[in-house]
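Scope of the values below: all heavy atoms of this structure, side chains included, with no hydrogens, waters or symmetry mates. Chain letters run A, B, ... following the sequence lines, proteins first, then strands; residues in each count from 1.
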Number of protein chains: 4
Amino acid sequence: MGKKFTEKQIHILNIAEELIAEKGFEGTSVRDISAKANINVAMISYYFGSKEKMMYHLYHYRVQRTREHFAEFSEIIKDGKPEMQMREIIKYIVGQLFKYGQFHGFVSQELRRNENLKQELLVFYQFCVKKIDEVLKKGIASGVFTFAPKPEDILSIILGTTLFSIRNKNFMENYVRHSDDQSYIKEAEKKVKANMMLTVFALLGFVQD
Amino acid sequence: MGKKFTEKQIHILNIAEELIAEKGFEGTSVRDISAKANINVAMISYYFGSKEKMMYHLYHYRVQRTREHFAEFSEIIKDGKPEMQMREIIKYIVGQLFKYGQFHGFVSQELRRNENLKQELLVFYQFCVKKIDEVLKKGIASGVFTFAPKPEDILSIILGTTLFSIRNKNFMENYVRHSDDQSYIKEAEKKVKANMMLTVFALLGFVQD
Amino acid sequence: MGKKFTEKQIHILNIAEELIAEKGFEGTSVRDISAKANINVAMISYYFGSKEKMMYHLYHYRVQRTREHFAEFSEIIKDGKPEMQMREIIKYIVGQLFKYGQFHGFVSQELRRNENLKQELLVFYQFCVKKIDEVLKKGIASGVFTFAPKPEDILSIILGTTLFSIRNKNFMENYVRHSDDQSYIKEAEKKVKANMMLTVFALLGFVQD
Amino acid sequence: MGKKFTEKQIHILNIAEELIAEKGFEGTSVRDISAKANINVAMISYYFGSKEKMMYHLYHYRVQRTREHFAEFSEIIKDGKPEMQMREIIKYIVGQLFKYGQFHGFVSQELRRNENLKQELLVFYQFCVKKIDEVLKKGIASGVFTFAPKPEDILSIILGTTLFSIRNKNFMENYVRHSDDQSYIKEAEKKVKANMMLTVFALLGFVQD
DNA sequence: GATGAATGAGGGTTCATTCAT
DNA sequence: GATGAATGAACCCTCATTCAT
């Protein structure tokens, strides 16, 4: 269970996340944040100690929640057939990334600053690898998967491709039918999910019964 | 044909790239750059007009050269067999990304600030898509490829996965046998290339003759 | 008779004095004081109106008590022989300064800020001068003192030398045999008292009967 | 020979000294200094690195020069008769303190912050003690001095009394005939010198030939 | 009577840039 | 053409104080 924040603190974190995603950590001043959040400049220091520490809390908060969430999720699907499990995992990861896209869009930039976050993220990624590996092995054993690629390679593909699509909107939007930002996000997510399904299952040599 | 720079200007750009890759644009001061480049603080403004404009020149310079280079490259491979062409394209793209990894590592962050770069990069990506599409169609026609995934999806996978691997060194290094940074880079590049080969060809339903 | 303070207020004043003696007025924040005194930050403003006013109360409190104390003291010694009276006055003043050394150590710094304190201190000093003068005249009259230096000069010597000794511990400690801070203070006080006895009596041309 | 400063830097140091003497180090903001010195706020950091370092330079500059000056002075008087030497030393020390009174008036307050200065000042004081001791011994040997007080006690008296007089102007001015600040300083210095002459020579048991 | 959340002012410092030389 | 001194704006943070409870 993570640190508890007041509603106001969460409000600030959300605004901060938005702005940092847009302009980077150094490019975002505490004045920007306080102005947009309609609070006093001093509040960031008051609540979090410093701008830097606020950043840490922001990361920690997101990563912690993501980890917990994924743990619950993998519990839920643990009794399904391997192909269903794999399908769910792909949908889940891509979905989460799109949901918190603006966060994951800049998080890797900030890794260099924050050793703690690096570690937390690593632990999370390795948990994902483990889950993928379990499903993989089960599928191989039962014969529905005929190839056995490295689980970390599968995860790299899913994470990398999805993050790339989120970060390079102006490339992706040429291939996605959409009318506005809202619908773009939805359709882009669909496209990436379809791509990942196809790719991963091709890679696994999946054989329909 | 790009802007012509003096040797000193290129020297500054190289130092700047290095520092920005390490600490971000805002995190890198003109004093840092001038100190490391052994030039006067005023030189950046003097040569490029401003720090911001220097950034633009830096991006422009890199992207321009990459585009030219890829154009040459695709000319060279244009008469090969589709599977060979695809193999070369994958090797080429992954290789280039690893070569200029520090640049590509932060370029997406700077896209939000720089409309011009965005456009240039888009043109380049679309050129890649076109090339992939040509090879794809040729392979389908000749029967060596049995599936026809979207070319932009293939590109997304290659670019996304490679960039992810470069950016998340502390994740990747758990799966790569290496003794030092030098050897890590080499082995990581090998691993990503192998992964991409397997993946793309699986996706294409490649059938060995 | 001075202002009446509650126990809590006196507690705060004591803590404040301690901290201010150590780090100066501006160097001591109300947060420092409230933290060390285990009270709420708002209490200083609440009890005293402001930090500045608290300071005033602190000075007032000390000076007032010192004045009252000295008045009592001079009443007690008023019937002795002049040489005994002078000896007692010297011992008393030096003793008091050492006792409240941390206060007197910084009070002159704060004089510039506080007209009231300046006035109160002046009145006190002049009272001392008067007492010294009385003793002086009596001694001259009775022939035990053969010189008649200015009483204010005698006071300047006693106060100045003692305060200098308190403030320049790292100079004085080279000439004082001591094992720790506690013993240093004791020995330093002894040394200053001896010095002042010798000096003042030499100045007075004291003739033993 | 001390650090060399430009004219502008010395100008800043002088203004800073004035303000700090008046309002203390923490009570004086770099904006106060820059406003009064008619320079940009950034110049203090630019020239000295920080406000703190400026303070150090200020102290260092003054103490260094005082030490050098006193060394020269003591060379000059080294061949005189003891009573003349002692007289000159007293006049010199009191004179210097009055000359740089505003500096010496707050320096002891800042000792707690600045270990270096503490050390430099100590060395200077000990040099003074040594010189006084030499004169003392010579006088005793030649019989013009009949008592042998501790040299450090003599120095304490001279420094302490003089500093007290400078710091407690509103006390001293009651005993000094003066029309304005200028004349007050002059007369106060005279009074202190006379007092110290009398006192020290009384203490030494000086016997006119 | 007493508190903790919140405020606005001002703190020192660093920034990219300019200007006289 | 190139420099280093100097600038004003903006940075994050801490301050004493206030206000609703």
Would you kindly check whether a donor in the side chain of D:Arg31 faces an acceptor in the base of E:dG12, or vice versa, at under 3.5 angstrom?
->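 Yes.
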
Counting only side-chain nitrogens and oxygens, does [X] get under 4.0 Å of the OP1 or OP2 atom of [N]?
{"X": "B:Tyr47", "N": "F:dA2", "value": "yes"}
{"X": "D:Ser50", "N": "E:dG12", "value": "no"}
{"X": "D:Lys8", "N": "F:dA6", "value": "yes"}
{"X": "B:Ser45", "N": "E:dA16", "value": "no"}
{"X": "C:Tyr46", "N": "E:dT3", "value": "no"}
{"X": "C:Asn40", "N": "E:dG4", "value": "yes"}

May I ask you to establish whether A:Lys118 and A:Tyr59 are in a cation-pi arrangement, using a distance under 6.0 Å from NZ or CZ to the six-membered ring centre and at most 45° from the ring axis?
->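 No - A:Lys118 does not lie over the ring of A:Tyr59 by the 6.0 Å and 45° rule.
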
State whether B:Tyr47 and B:Lys53 meet the cation-pi test: NZ (Lys) or CZ (Arg) under 6.0 Å from the six-membered ring centroid, and within 45° of the perpendicular axis.
->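 No, B:Lys53 does not lie over the aromatic ring of B:Tyr47.
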
Separation between CD1 (B:Ile33) and CG (B:Asn14), nearest 0.5 Å, reads 12.0 Å

For atom [atom1] of [X] and atom [atom2] of [N], their distance in whole Å:
{"X": "D:Met43", "N": "E:dT14", "atom1": "CE", "atom2": "P", "answer": "14 Å"}
{"X": "A:Met54", "N": "F:dC11", "atom1": "CE", "atom2": "P", "answer": "14 Å"}
{"X": "D:Glu52", "N": "E:dT13", "atom1": "CD", "atom2": "P", "answer": "8 Å"}
{"X": "A:Ile44", "N": "F:dC15", "atom1": "CD1", "atom2": "C1'", "answer": "17 Å"}
{"X": "C:Ile39", "N": "E:dG4", "atom1": "CD1", "atom2": "C1'", "answer": "13 Å"}
{"X": "A:Ile12", "N": "E:dA5", "atom1": "CD1", "atom2": "C1'", "answer": "12 Å"}
{"X": "B:Glu7", "N": "F:dA2", "atom1": "CD", "atom2": "P", "answer": "13 Å"}
{"X": "A:Gln9", "N": "E:dG4", "atom1": "CD", "atom2": "C1'", "answer": "13 Å"}

Please work out if [X] contacts a base, only the sugar-phosphate, or nothing of the nucleic acid, heavy-atom cut-off 4.0 Å.
{"X": "A:Thr28", "answer": "sugar-phosphate"}
{"X": "A:Thr6", "answer": "nothing"}
{"X": "A:Phe48", "answer": "nothing"}

Please determine, for the side chain of B:Lys51, which listed nucleotide (E:dT7, E:dA16, F:dG4) has the closest atom?
-> E:dA16

Got D:Arg67 and D:Val63 here, is their nearest side-chain heavy-atom distance under 4.5 Å?
->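 Yes, at least one pair of side-chain atoms sits under 4.5 Å.
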
For F:dT21, the Watson-Crick or wobble counterpart (both distances under 3.5 Å) |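 In the structure as shown, F:dT21 has E:dA2 as its Watson-Crick or wobble partner.
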
If each of B:Val41 and D:Val41 is mapped to the nucleotide of DNA chain F with the nearest heavy atom, which maps nearer the 5' terminus, i.e. the 5' end?
->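 This one resolves to B:Val41.
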
Relative to the 5' end of DNA chain E, which residue comes earlier, B:Ala42 or C:Ala42, by the nucleotide with the nearest heavy atom?
->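 Closest to the 5' end, via its nearest nucleotide, is C:Ala42.
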
Of B:Gly49 and D:Asp32, the one whose closest nucleotide on DNA chain E sits nearer the 5' end is D:Asp32

Quick one: do B:Glu26 and A:Lys23 make a salt bridge, cutoff under 4.0 Å?
->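 Answer for the salt bridge query: no.
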
State, to 0.1 Å, how close C:Gly27 and C:Asp32 come at their nearest heavy-atom pair, and which atoms those are.
->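 Heavy-atom minimum between the residues: O-OD2, 3.9 Å.
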
